[in-house]
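One structure is given here, and the rest of the page talks about it.
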Amino acid sequence: MKQQLENLLRSTLALQAGELFATTKLPPGPLLERTRDPTHGDFATNVALLLARQSGKKPRELAQEIVAALPASPLVARTEIAGPGFINFFLSASTYHDELNSVLAAGKKYGCSDTGKGHRVGIEFVSANPTGPLHVGHGRNAAIGDTLARLLEATGWNVTREFYYNDAGVQIQNLALSVQARARGLKPGDSGWPEDGYRGEYIADVARAFMQREPVTADGRTVTGSGDVTDLEAIRHFAVAALRHEQDLDLKAFRVHFDVYFLESSLYTDGKVEETVRELVAHGHTYEEGGALWLRTTDFGDDKNRVMRKSDGTYTYFVPDVAYHRSKWQRGYERATTILGADHHGSLARVRAGLQALDAGIPKSYPEYVLYQMVTVMRGGEEVKLSKRAGSYVTLRDLIDEVGCDAARYFLIARKSDSQLVFDIDLALSQTNENPVYYIQYAHARIASVFRQLGEKGLAWDAKNGGVSLAMLTQPHEQALMVCISRFPEIVDAAARTLDPHLVAQYLRELANSFHTYYDAHTFITEDAALRDARLMLVAATRQVLRNGLALLGVSAPESM
RNA sequence: GCGCCUGUAGCUCAGGUGGACAGAGCACCGGCCUUCUAAGCCGGCGGUCGCAGGUUCGAAUCCUGCCAGGCGCGCCA
């Protein structure tokens with residue numbers, strides 16, 4: 001709807017540009033915006049204000065000329081010039097009626113677009129090391145990443161969900177030692193317990209399963225515990241598989257799936273790390289100093305140069321990071337998006353610099369990052385410290401068990417990722433339910449109930465009759481609801497474009513509010529069949545948009561509550 | 001010391017890339033169930049948009065400088 005009006009305005013302006021503004025350059029970006037105040041119409045443009053100076057005309061005069069140049073359109077009922085020189089557009093009733101028809105015709109597809117034109121995007125998220133169950137920070141990561149993946153799919157991108165993890169290295173060695181210690185009957189704090197060992201109870205569970213020779217399956221392979229407490233390598237293999245398996249169960253409960261699990265170790269075994277180093281050296285951006293090999297990342301915007309190969313001959317983590325993102329490019333992701341905790345923001349510049357130093361034609365902004373701030377968890381009025389190494393933290397599983405997947409997902413997505421998030425367990429546990437997800441779901445359940453009641457009264461909704469009777473929807477509440485519905489495609493577009501999934505959560509609350517208000521003010525199942533069918537059409541369209549929006553968030557749309 | 005993020009109502013937060021009088025939920029006060037689920041609706045209370053400058057027709061939004069909080073700044077991962 002907005003797009004149609006935008007096109008109308010833009011083409012008119014382009015056609016008349018020379019005459020009106022003495023320039024052919026229109027301002028970039030959208031010209032139209034939704035008005036905040038309905039007395040200002042449905043949409044407004046400030047082009048006359050923007051272009052007044054260079055055209056040498058007063059804003060209101062220019063606005064007059066623009067309005068005069070606009071061709072008549074069935075979209076627009078009337079225009080007015082207001083304030084310093086805004087042009088306000090009042091859309092025709094039929095425009096909104098057409099939109100309701102579009103909602104029902106498009107169904108699940110309403111709100112979708114082909115903006116991405118089928119281009120490939122790899123979205124990497126969670127990417128937790130298999131050293132323990134997922135914590136709430138991973139939950140925020142998963143909620144953001146999965147919702148963005150759904151948004152990008154809805155806007156026409158070819159999306160691959162990817163999970164990257166390290167199955168070797170220091171942390172995994174520490175994991176193996178911890179499991180081994182547990183298998184020997186040691187507890188954290190006992191003499192002989194490994195320094196910085198993982199202290200969580202889950203380590204004991206893994207040790208028990210290993211000693212009892214249980215099988216565990218993860219990422220398509222099955223590992224059986226050997227029961228040999230001296231075989232650290234076997235313990236390592238088993239522990240990684242066991243924890244990957246546990247994480248997969250957590251993710252499944254959170255309704256998150258991945259298409260690709262990428263192992264850091266494969267970068268070494270496939271020679272990708274060596275290859276990346278060779279490329280960087282070959283392009284002349286490296287140097288040796290103090291027995292180490294350095295990359296001149298400062299040539300590409302980093303604030304200091306980085307060591308690639310330490311003087312002991314091993315690589316820093318930075319190298320496989322570059323090799324990994326290079327592999328994304330090589331695997332055909334035209335766009336790569338990584339969801340990352342803000343505490344890792346220091347690595348962004350150097351990874352991008354590393355990719356630039358390859359001189360491989362990779363865009364400067366590759367990969368793009370969505371950084372989210374910390375999640376702190378409150379319980380009993382005190383902060384619960386998140387620490388994977390200490391083994392004491394609130395897991396994603398805790399959250400799902402306590403407040404449910406729907407509420408957990410909504411909570412973790414509902415505010416912009418730049419803000420820190422306080423997850424109050426007690427509040428989420430309390431029965432007072434100030435949780436907005438129920439408010440939205442309740443709107444959906446109420447609509448389902450309306451249609452059930454209709455059937456129980458021996459009536460049926462005649463959609464065709466509703467369609468021709470839409471002119472009867474003249475109540476302010478009905479107008480407001482139609483406007484709200486018509487905003488959905490713009491919300492989806494904006495959320496996908498700016499990678500801000502919380503916009504969807506916020507919008508759904510507004511839509512639910514608009515519906516609840518309408519519900520309380522008017523009866524849908526009335527004697528007048530034409531009015532009834534028209535109102536039910538509006539209600540059915542509302543239900544569809546609620547479903548589509550909730551689906552983007554991965555939240556269920558219950559038929560009853 | 002340097003970099004990134006944040007600062008909006010008592011509390012938790014929105015504010016669509018500069019617009020027309022700053023919004024919502026919770027909390028508090030007062031109304032609404034013989035009619036489609038009251039997990040709802042309506043009304044009221046409540047704000048120098050951290051502070052000070054600047055840019056312009058116009059700033060919560062952009063720029064500069066301060067103040068406060070969070071997170072990072074290893075030949076750790």
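Just so we're on the same page: letters track the sequence lines, and every chain starts at 1. Quick note: numbers below take in every heavy atom, side chains included, and nothing from hydrogens, waters or symmetry partners. Predicted, not measured: the structure shown is a model, and the values here were computed from it.
- Ala44(A) meets the side-chain contact (heavy atoms from CB on, under 4.5 Å) test with Thr35(A), Asn88(A); sequence neighbours excluded.
- Contacts with RNA chain B (heavy atom under 4.0 Å) in residues 442-453 of chain A: Tyr442(A), Ala445(A), Arg446(A), Ser449(A), Val450(A), Gln453(A), listed by number.
- Looking only at side-chain heavy atoms (C-beta outward), Pro59(A) and Leu62(A) stay at 4.5 Å or farther from each other.
- Residues passing the side-chain contact (heavy atoms from CB on, under 4.5 Å) test with Ala448(A), sequence neighbours excluded: Arg452(A), Glu559(A).
- Residues satisfying the side-chain contact (heavy atoms from CB on, under 4.5 Å) test with Pro558(A), not counting sequence neighbours, are Gln441(A), Ser556(A), Met561(A).
- Separating the C1' atom of rG46(B) from that of rC11(B) is a span of 12 Å, rounded to the nearest Å.
- For RNA chain B, runs of at least 3 consecutive pairs of the Watson-Crick or G-U wobble type, with both hydrogen-bonding distances under 3.5 angstrom, map to B:1-7 with B:67-73, B:10-13 with B:23-26, B:28-32 with B:40-44, B:50-54 with B:62-66.
- The base of rC36(B) is not paired with the side chain of Thr523(A) by any donor and acceptor separated by under 3.5 Å.
- Atom-to-atom, CG of Leu340(A) to P of rA77(B) comes out at 17 Å; the value is rounded to the nearest Å.
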Ignoring hydrogens and angles, write down the donor-acceptor pairs under 3.5 Å from the side chains of residues 410-420 of chain A, residues two or more places apart or on other chains.
unit_1	atom_1	unit_2	atom_2	d
Tyr410(A)	OH	Ala505(A)	O	2.9
Ser417(A)	OG	Leu371(A)	O	3.4

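- Remark: Lys310(A) is in phosphate contact with rC76(B), judged by side-chain N or O atoms under 4.0 Å from OP1 or OP2.
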Distance-only criterion, 3.5 Å: show the donor-acceptor pairs between side-chain atoms of residues 536-546 of chain A and protein atoms not counting sequence neighbours.
unit_1	atom_1	unit_2	atom_2	d
Thr542(A)	OG1	Leu538(A)	O	2.9
Gln544(A)	NE2	Gly107(A)	O	3.4
Gln544(A)	NE2	Asn548(A)	OD1	2.9

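- By the ring pair (Phe, Tyr, Trp, His ring centres under 6.0 Å) test, Tyr507(A) is found to be paired with Phe488(A), residues two or more places apart in sequence or in another chain being considered.
- Judged as a ring pair (Phe, Tyr, Trp, His ring centres under 6.0 Å), and not counting sequence neighbours, Tyr110(A) has no contacts.
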Write down the protein N/O and nucleotide N/O pairs, taken from nucleotides 19-22 of chain B, whose separation is under 3.5 Å; answer none if there are no such pairs.
unit_1	atom_1	unit_2	atom_2	d
rG19(B)	N7	Asn46(A)	ND2	2.8
rA20(B)	N6	Asn88(A)	OD1	2.8
rA20(B)	N1	Asn88(A)	OD1	3.3
rA20(B)	N1	Asn88(A)	ND2	3.3
rC21(B)	N4	Asp37(A)	OD2	2.6

For nucleotides 10-12 of chain B, print each protein N/O atom paired with a nucleotide N/O atom at under 3.5 Å, atom names and distance only.
unit_1	atom_1	unit_2	atom_2	d
rU12(B)	O2'	Arg415(A)	NH1	3.3
rU12(B)	O2'	Arg415(A)	NH2	3.2

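- For rG72(B), the base has no donor-acceptor partner in the side chain of His344(A) [N/O atoms by modelled type, under 3.5 angstrom].
- Partners of Ala521(A) according to the side-chain contact (heavy atoms from CB on, under 4.5 Å) rule, which considers only residues two or more places apart in sequence or in another chain, are His477(A).
- To the nearest angstrom, C1' of rG15(B) lies 10 Å from CD of Glu510(A).
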